[in-house]
Each structure stands twice: as C-alpha cells, then as structure tokens.
Amino acid sequence: MKQISLTLAACLAGTVAFAAEIAPKDVGYDEDGAVAASLSGVAGDAASGALLVGDKSKGNCVACHQVTALPDVPFHGEIGPALDGAGNRWSEAELRGLVANAKMTFDGTMMPAFYKVDGFIRPGDAYTGNAGTEPLPPILTAQEIEDVVAFLATLKED
C-alpha cells in the first residue's frame, strides 16, 4: 500500500509539473522582455544547460557568444556579447526572456527565438519551396530554456 501511495504521489507530481508548462504562444513578457514565470514549472539544471549552450545541434550559443566556463567547446563566436558575467548583468527573468525570444528585449537582434513557433520570416521558401509550415516546433523545450537560464545565472564575475 505504501509503495502504491508513493507511486501515485510521483505520478501526480509529474502531472503538476507538466500542467505548469507554458506554451510558446502563452509566454508572458513584460515591457522589457523579461519572463518572470518558469516556462516548465520545474527548476533548471545548470549542468544540462551548459551542455545545451555548447551543443551544436540544440542551443549552440557558442556559435555567437564566448563562454569562458566552457573551454572544451571549440569555436566560440564573437557576434554576440560574451556571456561571462551574464548572471551579474541580467536577472533570471531577464535571462529567460532573452533565451526564449531576445527580440522582445532587443528589437532587430540576430539572436534566434528559441521558444517561438510562428511569425517567422521565411525568405528561403521562395527559392526552395520546401520551408517548413507553421507552427514549427520551438528550438528548445520549456525545460531546456530553464536549464540554459540556470547555467547562465551561474556565470558571475567577481
């Protein structure tokens, strides 16, 4: 009976976390582009976030940003600002907004919106006719956004 109760509690906890996930179209940005509420309802994992920041097939933040904390990841970019000290410069809500859709904070930025599903400019479709149709899946899931935010929040300068 005790094991059944524990199993039921674990299932309910998983349901609560899932129910708390915010869909890309429902994200609440403030006037400065910050997002106060967790997108997944679950705290981010900084170690997983570090992997995503350096993962060429997912976040790939290092394509544009330098991150001294990831010396084993090759080919850091110089297009965007260095992420060293990001945890000092921006709050968790600001980081979440920047990762989810930086265009809400910096109009005209080249940074991709990692948690957006529609409203894209698709000039390539005129050339190939093969561009994906909207809604597209977001580049990162709600939990992956939270993991990246958790990692970026650790990047503090003394």
Side-chain angles (χ1 to χ4, degrees), residues 9-122 132 134-158:
C11 289
L12 288 174
T15 303
V16 170
F18 180 75
E21 185 170 303
I22 298 172
K25 289 184 172 190
D26 296 331
V27 175
Y29 295 91
D30 72 12
E31 64 277 356
D32 297 319
V35 178
S38 167
L39 299 179
S40 68
V42 177
D45 176 65
S48 295
L51 294 174
L52 288 163
V53 166
D55 186 339
K56 303 286 187 231
S57 68
K58 274 299 221 176
N60 198 20
C61 303
V62 297
C64 297
H65 301 278
Q66 292 180 1
V67 186
T68 304
L70 300 176
D72 295 336
V73 177
F75 310 117
H76 292 229
E78 297 176 353
I79 295 170
L83 295 179
D84 298 345
N88 297 111
R89 288 193 303 274
W90 295 295
S91 69
E92 184 178 301
E94 292 167 329
L95 289 168
R96 186 177 295 109
L98 289 168
V99 177
N101 187 352
K103 290 163 183 60
M104 300 299 286
T105 302
F106 301 114
D107 188 38
T109 183
M110 293 174 25
M111 186 165 160
F114 287 96
Y115 201 61
K116 181 178 173 178
V117 295
D118 61 7
F120 299 101
I121 298 169
R122 309 285 296 191
E134 296 179 3
L136 298 170
I139 297 170
L140 297 177
T141 67
Q143 187 58 49
E144 289 170 334
I145 297 284
E146 294 304 318
D147 293 345
V148 170
V149 168
F151 171 67
L152 294 174
T154 69
L155 301 179
K156 298 193 176 191
E157 296 176 329
D158 296 330

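Since this is a predicted model, take the numbers as computed values, not measurements. Residue indices begin at 1 and follow the sequence shown.
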Separation between CD (E21) and CG (D26), nearest 0.5 Å, reads 10.5 Å
Sidechain-backbone polar pair: K116 side chain, K25 backbone, donor-acceptor under 3.5 Å = no
For L155 and L83, which heavy atoms make the closest approach, and how far apart are they?
-> CD1-O, 3.5 Å
Kindly indicate, with the supporting measurements, whether the criterion side-chain contact (heavy atoms from CB on, under 4.5 Å) is fulfilled by I79 and M110.
-> CA-CA 9 Å; I79 295 170; M110 293 174 25; 3.6 Å; yes
Pairwise side-chain contact, L39 with Y115, heavy-atom cut-off 4.5 Å (strictly under) | yes
Does the pair D84/K156 count as a salt bridge with the N-to-O cut at 4.0 Å?
-> no
Decide yes or no on side-chain contact (heavy atoms from CB on, under 4.5 Å) for N101 and Y29, but give the supporting numbers first.
-> CA-CA 9 Å; N101 187 352; Y29 295 91; 3.3 Å; yes
Atom CD of E92 with >12 non-hydrogen neighbours under 6.0 angstrom | no
side-chain contact (heavy atoms from CB on, under 4.5 Å) assessment of V73 paired with K56 | CA-CA 10 Å; V73 177; K56 303 286 187 231; 4.2 Å; yes
Heavy-atom distance under 4.5 Å between the side chains of F75 and V62, does that happen here?
-> no
Are the side chain of R96 and the backbone of A36 linked by a donor-acceptor contact shorter than 3.5 Å?
-> yes
Would you confirm whether E94, through its side chain, and V35, through its main-chain N or O, come within 3.5 Å as a donor-acceptor pair?
-> no
Heavy-atom nearest pair, P24 first then P138, reads CG-CG, 4.1 Å
Quick one: are P81 and H65 in side-chain contact, heavy atoms under 4.5 Å?
-> yes
Atom OG of S38 and atom CD1 of I145: how far apart are they, to the nearest 0.5 Å?
-> 10.5 Å
Do E146 side-chain atoms and Q143 backbone N/O form a donor-acceptor pair below 3.5 Å?
-> no
Do D55 and N60 have side-chain heavy atoms sitting under 4.5 Å apart?
-> no
Got a donor-acceptor contact below 3.5 angstrom from the T105 side chain to the L98 backbone?
-> no
SG/C61 to CZ/F114 distance, rounded to the nearest 0.5 angstrom?
-> 5.0 Å
Between D147 and D45, what is the shortest heavy-atom contact and its length?
-> OD1-N, 2.8 Å
Here the pair of heavy atoms bringing H76 nearest to Q66 is ND1-CA, 3.7 Å
With a 4.5 Å limit on heavy-atom distance, are the side chains of L136 and D118 in contact?
-> no
Closest non-hydrogen contact found for R89 with A82 is NH2-O, 2.8 Å
Shortest non-hydrogen pair, T154 vs A46, comes out as CG2-CB, 4.0 Å
